[in-house]
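Below is one structure, written out as structure tokens; comments come after it.
Numbering of ligands and ligand atoms starts at 1, following listing order. By convention here, the first residue in the shown sequence is residue 1.
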Amino acid sequence: MLLEITDLAVEVNGKEILSDIDLYIKEGETHVLLGPNGSGKSTLFMSLLGFPKYDITRGEIIFKGEDITNLTTTERVRKGIGVSFQNPPAIRGVKLNDLLKIEHGESGEELSPEMKDLATKLKLDQRFLERDVNLGFSGGEVKRSEILQLLAQQPDFIMFDEPDSGVDIENVELLAEEINTLLDKDKKPGMRQKSGLLITHLGYILNFVSADTAHVLMDGKIACSGNPTEVLEDIRKEGFKGCVECCKLH
Ligand code: ADP
Ligand code: MG
Ligand code: MG
């Protein structure tokens, strides 16, 4: 098991947002987290990343067999957890170029040709790499630069918080292709893929990214889990509330 979350409860500003969270992700699996706005999806994302204001009051998080519940964000990232934020902050005074070098473990003056090639593939040119991270980037540029950073970092487990939100519908498929590349979905059968947790509000992106299991978060609890196609069908027919009842029938 790559990630084991057991009986997790999280408070923000003294208010309990998540409780009774059990989630187990094996090596090579991608799980999807669905749920209405305000159900606690981003709170779970931030808690797994270890942001201090997300106070874990019960339960534990085990990653690669090691208890990471009390580790800092930096320590978790070093252990192989990568993230793509829904709305990543701008970092004034830090060039994307320099951030990529740190993430890729490079010490040279120039960014490596390998990273430059990846940037070009993502339609981010050399001039773009000289800009401050996310400062004045368009929505699409923000998402592509997040993907490029993850390609530099090569984490074993990647969490995406609503990567499809704010992206034009015709670009969702392109974004999904990039997510598939990051998760090694394009590798030959039998080769181990990376693991992921994909948070999405509406699930349209699931037409293009294959997932193993879907979980529905409602009021800070996992209300049901199941086959992603079946869960999505239930949500489309019955809404989030109804899908919980349907889930029990599968
Ligand atoms: P989702 O990502 O599913 O839309 P969130 O995790 O952002 O949901 O929010 C879950 C709940 O936690 C909401 O009721 C929200 O108002 C509350 N919440 C989120 N962040 C904070 C915060 N910083 N302070 C207080 N409440 C918060
Ligand atoms: Mg939301
Ligand atoms: Mg959210």
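Here atom 26 (N) of ligand 1 lies nearest to I17 when heavy atoms of T43, D219, I17, L33 are compared. When G220, G38, S47 are checked for heavy-atom proximity to atom 10 (C) of ligand 1, G38 turns out nearest. When the options K15, K41, K53 are ranked by their closest heavy atom to atom 23 (N) of ligand 1, first place goes to K53. Between the choices G14, S42, G40, the shortest heavy-atom distance to atom 2 (O) of ligand 1 belongs to S42.
Residues M159 and I199 form no side-chain contact, since every pair of their non-hydrogen atoms from C-beta on lies 4.5 Å or further apart. Between R58 and E16, some side-chain heavy-atom pair lies under the 4.5 Å cut-off.
Listed by number with element, the atoms of ligand 1 under 4.0 angstrom from any heavy atom of P36 are 3 (O). The ligand atoms of ligand 1 that sit less than 4.0 angstrom from a heavy atom of N37 are 4 (O).
The aromatic rings of H31 and H215 lie parallel to each other, their planes meeting at an angle below 30°, with 60° marking the opposite boundary. Aromatic ring pairs are classed by plane angle as parallel below 30°, tilted from 30° to 60° and perpendicular above 60°; the pair F51 and Y54 is tilted.
The pair K64-D156 meets the salt-bridge criterion, with a side-chain N (NZ, NE, NH1 or NH2) lying under 4.0 Å from an Asp/Glu carboxylate O. By the 4.0 Å N-to-carboxylate-O rule, K116 lies close enough to E110 to be salt-bridged with it.
Proximity of N13 to ligand 1, defined as any heavy-atom pair under 4.0 Å, is confined to the side chain (atoms from C-beta onward).
The Mg ion (ligand 3) has an N, O or S atom of S42 under 2.8 Å away, backbone or side chain.
In D219, the CG atom is not crowded: 12 or fewer heavy atoms of neighbouring residues, nucleotides or ligands sit closer than 6.0 Å.
Considering backbone and side-chain N/O atoms, V12 never comes within less than 3.5 Å of an N/O atom of ligand 1.
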